[in-house]
Amino acid sequence: QVRIRDHLFPAPREQELWVEASYGPDWRTPDETQHAGEGSYPTDAEAEAYSKGVLLLRRSARDAKLAQKLISGATVDHKTGQISLGSEQYSERPAPVTIRKLELKIGAASKGGSTVNSGTLFVTLPGNKELGFTPVENVVVVWATETIDRWSLQVKQEGIVIVDAPVRPEGKDPFKAGDPLNMEIQLEKGLAIPEKATHVAAWSRNSVGTSALVAVRISTDSDAALNLEDRDFAIAMEFALMAELLPSPPEGLAECLLKQPPALTKKPFDDILLKMVAKNAVAMSQAIADLGRYMKPFVDAAKVCKAQLNIDSAPTNQHDEEEPGGPTSLAVWEVFEKALASLESESIAYKPESDLVVNGFGIFTELDAMVASCVDDHRKLMTYSPDTVGGLLGTLLSALAGLNPLDRLDGIYSGEGMLDWMD
């Protein structure tokens, strides 16, 4: 903005870029052409699109994740070989919300149910200069409910909007590059909490549209000793594992497991991974034993649900229905029992870079695939998805139970192009 005679007027923040977008790359050379003349200069809409594209490319030079997104959407012209980046999908969205934490104290309502005693949702909006996003105008907060479809968890809005908070920073530009905006959104005292609500969710909104919904789980007494981020990691890991072993679960099984104490948390699994990449027999032997101890609480929880739901038997995958009695025809409970027996057997033969045999079962390929999804080529832990690793852990358990390992990888491991942590 510029101030003229005590009045504020909109003005371009990037002056040279604005001129170039409006008059073309040769704007420094006079051409005696009228701007509104016949087809000489870009239209206002074309100038705006050009400006956004340039700002987006500038940011991608500093932001590796954004650069990767742009490259993943790139196309190559068959005739000229020119590479085009599909950036339009990143240029018009409002900046996404990140939920840092939720502080919520719950009380009982006079007519039953629960209400908010006190509540604050801490969110962050990224600095918006050269972000490739249009400015955020509001942050919307709602109650949300977790739903289950087989082994897929989804969070959907439950009831009406509870807060529609305008973005009003105090004395600063909230969209200054490198200056994220932290907001504390208060939840009204006495606000009724829907009976089915499991999360508080939020998204950003502006004249263009909305960002994706993000959510944080409402804490309960049983969560007191467990970080909510760890709880979400464990649930994702456990459900992905079960989806690999039992794609079509018996009715009520997923819901029952969700009520059990989360077992497959991140920190102990990271410790196991670090032992696995040490490339020596002692560390690998310890890692295999630790993996057995890591899995046991989850296996015990699965047994509890099996007993509660009176489940006699269930195949490990849909393929079993086509070939009963085949090499993969084991109930998921048998897979757990046999895999734990192998992990606890102390019968391990390990040759770095080539072989790993546990209780007579060769599992090098499965272990390699799982570990490679979690560590880089320097054998350092990287950010990994529990959804991916959980499925690979299920494949590893299948191999430890004596199932045919190569039939269960479904193209995840091809032997080529993977990070070979054993090299």
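Numbering of residues begins at 1 and proceeds along the displayed sequence. Model, not experiment: these values are computed from the prediction.
M276 is not listed as a side-chain neighbour of V375, based on a closest heavy-atom distance of 4.5 Å or more. Contact annotation: the side chain of L191 approaches that of W143 to within less than 4.5 Å [non-hydrogen atoms, C-beta and beyond]. Residues V214 and T98 fail the side-chain proximity criterion, which asks for heavy atoms closer than 4.5 Å. When side chains are defined from C-beta on, E353 counts as touching K279, because their heavy atoms get closer than 4.5 Å. No side-chain heavy atom of K303 sits under 4.5 Å from any side-chain heavy atom of F336. Proximity of N359 to L400: side-chain heavy atoms (C-beta onward) are nowhere separated by under 4.5 Å. Taking the side chain as every heavy atom from C-beta outward, K266 and Y384 approach each other to under 4.5 Å. Residues M242 and P249 have side chains not in contact (no heavy-atom distance under 4.5 Å, counting atoms from C-beta outward).
A donor-acceptor pair under 3.5 Å is absent between the side-chain atoms of N138 and the main chain of V140, judged by distance alone. Side chain of E244 to backbone of L393: no donor-acceptor contact under 3.5 angstrom is found. Although no hydrogens or angles enter the test, the distance criterion places no donor-acceptor pair under 3.5 Å between the side chain of S114 and the main chain of I106. Checked by atom type and distance alone, the side chain of E238 pairs as donor or acceptor with a backbone atom of L264 at under 3.5 Å. D149 contributes no side-chain N or O that, together with a main-chain N or O of S152, makes up a donor-acceptor pair within less than 3.5 Å. Panel note: side chain S51, backbone A47; a donor-acceptor pair is recorded below 3.5 Å.
When each of I99, I193, L102, V142 is paired with V200, the side-chain contact (heavy atoms from CB on, under 4.5 Å) condition holds for L102 and for no other. Considering I348, D368, T365 in turn, I348 is the only one that fulfils the side-chain contact (heavy atoms from CB on, under 4.5 Å) rule with L356.
Of all the heavy atoms in V335 and A401, the pair that sits closest is O-CB, 3.8 Å. Closest approach of S373 to M382, counting heavy atoms only: O-CE, 3.7 Å. Across all non-hydrogen atoms, the minimal contact from V358 to S342 is CG1-O, 3.4 Å. R231 approaches L258 most closely through the heavy-atom pair NH2-O, 3.7 Å. Contact record, G292 with L340: O-CD2, 3.6 Å, taken as the closest heavy-atom pair. Of all heavy-atom pairs between V389 and C374, the closest is CG2-SG, 3.4 Å.
The side-chain hydrogen bond (donor to acceptor under 3.5 Å, both in side chains) search around Y294 returns none, not counting sequence neighbours. For E103, the salt bridge (Lys or Arg N to Asp or Glu O under 4.0 Å) partners are K101, not counting sequence neighbours.
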side-chain contact (heavy atoms from CB on, under 4.5 Å) assessment of E366 paired with L392: CA-CA 7 Å; E366 291 76 15; L392 294 171; over 6 Å; no
As a quick check of understanding, evaluate side-chain contact (heavy atoms from CB on, under 4.5 Å) for E20 and Y50, giving each step before the final call. CA-CA 9 Å; E20 181 179 335; Y50 174 81; 2.4 Å; yes
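Rounding to the nearest 0.5 Å places OG1 of T395 at 12.0 Å from CD1 of I363. The distance from atom CG of L253 to atom CD1 of I311, rounded to the nearest 0.5 Å, is 5.0 Å. Of the inter-residue distances, the one linking C305 atom SG with W333 atom CH2 reads 7.0 Å to the nearest 0.5 angstrom. For the atom pair L241 CG and W151 CH2, the distance stands at 9.5 Å (nearest 0.5 Å). A distance of 14.5 Å separates CD of Q157 from NE2 of H199, quoted to the nearest 0.5 Å. Annotation: the span from L274 atom CG to K380 atom NZ amounts to 8.5 Å, rounded to 0.5 Å.
Within a 6.0 Å sphere centred on NZ of K275, heavy atoms belonging to other residues, nucleotides or ligands number more than 12. For CD of E46, the number of neighbouring non-hydrogen atoms (other residues, nucleotides, ligands) closer than 6.0 Å is greater than 12. Atom CD of Q154 has more than 12 heavy atoms from other residues, nucleotides or ligands within 6.0 Å. For E255, the CD atom sits in a packed shell: over 12 heavy atoms of surrounding residues, nucleotides or ligands are nearer than 6.0 Å.
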Name every donor-acceptor pair, under 3.5 Å, that has one atom in a side chain of residues 117-124 and the other anywhere in the protein, sequence neighbours excluded.
| residue | atom | partner | partner atom | Å |
| --- | --- | --- | --- | --- |
| T120 | OG1 | Q186 | OE1 | 3.0 |
| T124 | OG1 | R100 | NH1 | 2.9 |
| T124 | OG1 | N182 | OD1 | 2.7 |

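Ion pairing between K267 and D230 fails under the 4.0 Å rule for side-chain N and carboxylate O.
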